Amino acid sequence: MGKVGIGLNLEAVRTSHKSFEWGVQFAAEIGYEYIEPMVHWGRELLSEARYFHSVSMLDDPFRVRDEVEKHGLKLSALSSHSQASKPEIAVEYLKQAARFAKEAGAPIINTHEGHKQPWTTKEEDFVLIRYSLMEALKVCERRGIKIGFEMHQTYSLIPELYDRCLNLVDSPNLGANFDTGNAYLGGEDPHEWLNRVRDRVIHIHAKDISVEQSDAERGKVMGTAVGCACGEGVIDWERIVSICRSVPQDIVLSVECGTLDQAERSFTHLKSIIG
Ligand SMILES: O=C1C[C@@H](O)[C@H](O)[C@@H](O)C1=O
């Protein structure tokens, strides 16, 4: 039986206009064991001014490693969401994220398929996604870094086609970053779907969906940025945790919620289940 950990995706501090460092301290004070920071290319005003939580991959990865260690936390993954169906975006972004993850101390880099180009065919899209994943995985494999591929858009929100994405490259370093909220909003039962891909899951985006959001968006959107507090929406977290416990792999539930209060309530709820 693998261990189930609780982490905070730093998107939780986005609406509070806080920095990476602030977010790490906040997560530690609540009691989280892991965090998932976001990384980006280049330089931009808000992160440099420390009003936004994302970290530039031009920074020293030890900025991340040191800060996380200082607060006794661990990195579950990097949020390095690029667009796998657009190799001109994904390949260099993911290669750099893998190198950055290695030095920062993150075992996984998370990404997804991206928005479909209107002019490509389905078969062409799978070649493009395969190309991006293959090139990135060559860099990941040398460094022991895994790619967590998430359900988010046109193909990956359909279980059979998500399987196809996960099988595009024969690599032990390619696994599923299962997003409970995106899976639900796509119209599927996330508990059954998680069970279906349990052997491929390496990381979870613990995203709950409120009844209001469900009524307004289920079946109409391709994923969502963040959800409500875990335990206040439609997801059955006891079931999710029990499926995670049935696989040998250690798995972190990385909470993806939108506010500081939701981050606190999510932790309390998940902790009461996980113990
Ligand atoms: O997994 C995800 C990562 C988030 O950073 C992003 O906003 C969201 O779309 C998502 O599903």
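Computed from a predicted model, the values in this text were never measured in an experiment. Whatever order the structure lists them in is the order used to number ligands and atoms, beginning at 1.
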*asked:* Please tell me whether Asn173 and Glu141 have a donor and an acceptor in their side chains that are separated by less than 3.5 angstrom.
replied: no

*Within less than 4.0 angstrom of ligand 1, does His112 place any heavy atom?*
no

*Is the closest side-chain donor-acceptor distance between Glu232 and His269 under 3.5 Å?*
no

*For ligand 1, does Asp179 get within less than 4.0 Å through its side chain, its backbone, both, or neither, judged by non-hydrogen atoms?*
side chain

*Crowded around Glu238 CD? As in, over 12 foreign heavy atoms under 6.0 Å?*
no

*Min N/O separation Asn177 to ligand 1 under 3.5 Å*: no

*Does Arg142 CZ have over 12 foreign heavy atoms under 6.0 Å away?*
no

*Indicate yes or no: does an N/O atom of Asn9 lie under 3.5 Å from an N/O atom of ligand 1?*
no

*asked:* Within the structure, is a non-hydrogen atom of Thr224 found at a distance of less than 4.0 Å from ligand 1?
replied: yes

*With distance as the sole criterion, is a donor-acceptor pair present between the side chains of Gln262 and Arg265 under 3.5 Å?*
no

*ligand 1 contact on Glu256 by region, counting heavy-atom pairs under 4.0 Å*: side chain

*Under 4.0 Å from any heavy atom of His152, which atoms of ligand 1 are there?*
8 (C), 9 (O), 10 (C), 11 (O)

*So does Arg130 have more than 12 non-hydrogen atoms from other groups sitting under 6.0 Å from CZ?*
no

*Give the residue, atom name and distance (to 0.1 Å) of the protein heavy atom nearest atom 7 (O) of ligand 1.*
Glu11 OE2, 3.0 Å

_Tyr184 and Ser214 side chains, donor-acceptor separation under 3.5 Å_ = yes

*By number and element, which atoms of ligand 1 are closer than 4.0 Å to a non-hydrogen atom of Asn182?*
11 (O)

